[in-house]
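The structure under discussion appears below in the form of structure tokens.
Just so it is clear, the values below take in all heavy atoms, side chains as well, and ignore hydrogens, waters and symmetry mates.
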Amino acid sequence: MHGGGGGSKRREGGDSDNLEKGYVSRLRHCYGTRGGDACRQFVIRPDNRWYLAWKHFILVWAVYSSFFTPMEFGFFRGLPEKIFLLDIAGQFAFLVDILLRFFVGYHEVHSNSVSLVLSHSQIALRYLKSPRFLLDLLGCLPWDYIYKVARHKEFLRYLLWTRLSRALRVTEFFDSLEKDTRVNYLFTRIVKLFVVELYCTHTAACIFYYLATTMPPSHEGYTWIGSLKMGDYAYSDFRHIDLCKRYITSLYFAVVTMATVGYGEIHAVNVREMIFVMIYVSFDMILGAYLLGNMTALIVKGSKTERFRDKMSDIMKYIDKNNLDRQISNQIKDHLRLEYDRSYAGPSVLQDIPTTIRTKISIGLYEHFIEKVSLFRDALQGL
């Protein structure tokens, strides 16, 4: 009898262990997620290796689009056939990326925790509400083809600038590199600052040339490039000069203006060019302050990112030295990333706020959760 009872207890214990293991397995699968049906829906986790490969692929197109968009605006009124086909291929890739964004989960950062949202409805609603969705959608439209069909309506070409939102992917890439302890931080920051400066001068060069092309051919001499003369070579018929030479000349004008060198051989001629030069030089002063401030921060070495990298490096050395479990090490690194990603310190922000106001803030934040608990339902009515 005792043996049978013991066997029954062991079977019950085994069944209980199996149930517990199954529950823990399902809990781990959905741990840190929001959305009850997240495990049954077709949702892509942001750390999926195939999605990460796609992000690197679309990053290449983002670099190309960010560079070529100002050039298309300034130097082309109707793309050549080969470039047009390449442009269509790029817009198709970004259209696919828009569709994927409706299925990719995201991390939601709270004051003391982070959760992975895998609810399809929440993902789609978040993306639809963001201004990025509209910019992404407008950027995918074939504006060059629309411009030709609409009989060369000039205002349509200004909508090309919506594609510059893709440059955010490049900045996000540099931000991830800065936090990666495997990459030298100083090198990453210098490359990022150099890219910022180069991109600003590239965009200004394209706008300089665009301003020259807005003048009718009979008034080409009243533009900065049409009146330009380098030795015995004149740019009077600049529209038929080689594209590479036109771009280098425009870039030279942008760099000289940004550096305020002022050799005198190249300068604004008409009022529109003068206005843009004034705006550009004013912007350059702000850009110069930004670059100088960042270079000073590199020397001082006290930025938030550097403190994060130092702490992460120490943690990695400790993990390697003690051969910690991979799951534990990932949790430690996730916690450090959470501390870095939080834009404010949570409760510490409200330290100087009176207690009564803090109480009202807490009620406003957590009231809808407390209302679901029957124990506190009557208590809230008296508040």
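- Formation of a donor-acceptor pair under 3.5 Å by the Trp61 side chain with backbone atoms of Ala89 is not found in this model.
- For Thr355, the side chain to side chain contact (heavy atoms under 4.5 Å, CB included) criterion is met by Arg358, Thr359, not counting sequence neighbours.
- For residues 267-290, no residue pair satisfies the salt bridge (Lys or Arg N to Asp or Glu O under 4.0 Å) rule, not counting sequence neighbours.
- By the 30° and 60° cut-offs, the orientation of the rings of Phe103 relative to Phe42 is tilted.
- Put simply, the side chain of His267 does not reach to within 4.5 Å of the side chain of Trp224, judged on heavy atoms.
- A distance below 6.0 Å separates the ring centres of Tyr158 and Phe73.
- Follow the hydrophobic side-chain contacts under 4.5 Å out from Met274 and you never reach Phe283; the two are in separate clusters.
- A salt bridge (Lys or Arg N to Asp or Glu O under 4.0 Å) check over residues 81-97, counting only residues at least two apart or in different chains, returns the pairs Asp87-Arg163, Asp97-Arg101, Asp97-Arg169.
- In the hydrophobic clustering, where aliphatic and aromatic side chains (Ile, Leu, Val, Met, Phe, Trp, Tyr) are joined below 4.5 Å either directly or transitively, Val195 groups with Leu59, Val63, Val170, Phe173, Phe174, Leu177, Val183, Phe187, Val191.
- In this structure, Asn294 contributes its side chain and Tyr290 its backbone to a donor-acceptor pair below 3.5 Å.
- A single hydrophobic cluster is seen to contain both Leu159 and Ile88, as judged by linkage of ILVMFWY side chains at heavy-atom distances under 4.5 Å, directly or through other members.
- Side-chain atoms of Asn322 never come within 3.5 Å of backbone atoms of Leu324 as a donor-acceptor pair (strictly under, hydrogens ignored).
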Let me check something: any side-chain donor-acceptor pairs from residues 247-259 under 3.5 Å, sequence neighbours excluded? List them with distances.
from: Tyr247; atom 1: OH; to: His202; atom 2: ND1; distance (Å): 2.8
from: Thr249; atom 1: OG1; to: Tyr235; atom 2: OH; distance (Å): 3.2
from: Thr249; atom 1: OG1; to: Lys245; atom 2: O; distance (Å): 2.7
from: Ser250; atom 1: OG; to: Arg246; atom 2: O; distance (Å): 2.9
from: Tyr252; atom 1: OH; to: Glu265; atom 2: OE2; distance (Å): 2.4
from: Thr257; atom 1: OG1; to: Phe253; atom 2: O; distance (Å): 2.7

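- Closest non-hydrogen pair, Leu156 versus Tyr147, comes out as CD1-CA, 4.3 Å.
- At least one donor-acceptor pair closer than 3.5 Å links the side chain of Thr201 to the backbone N or O of Glu197.
- By the 4.5 Å heavy-atom criterion applied to side chains, Leu164 and Pro70 are counted as neighbours.
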Applying side-chain hydrogen bond (donor to acceptor under 3.5 Å, both in side chains) to Thr213 and Arg77, what does each step give before you reach the verdict? CA-CA 10 Å; Thr213 59; Arg77 276 182 170 78; 3.2 Å; yes

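- With hydrogens and angles disregarded, a donor-acceptor distance shorter than 3.5 Å links the side chain of Tyr199 to the backbone of Ser66.
- The 12-atom threshold is not exceeded at CZ of Phe92, counting heavy atoms of other residues, nucleotides or ligands nearer than 6.0 Å.
- When side chains are defined from C-beta on, Pro46 does not count as touching Tyr106, because their heavy atoms never get closer than 4.5 Å.
- Annotation: salt bridge (Lys or Arg N to Asp or Glu O under 4.0 Å) contacts involving residues 134-147, sequence neighbours excluded, comprise Asp144-Lys148.
- For Arg45 (side chain) and Tyr51 (main-chain N/O), no donor-acceptor pair under 3.5 Å exists by modelled atom type.
- Within 6.0 Å of atom OH in Tyr64, more than 12 heavy atoms from other residues, nucleotides or ligands are found, so the atom counts as buried in its surroundings.
- The two residues Ala268 and Val277 have their closest heavy-atom pair at CB-CG2, 4.1 Å.
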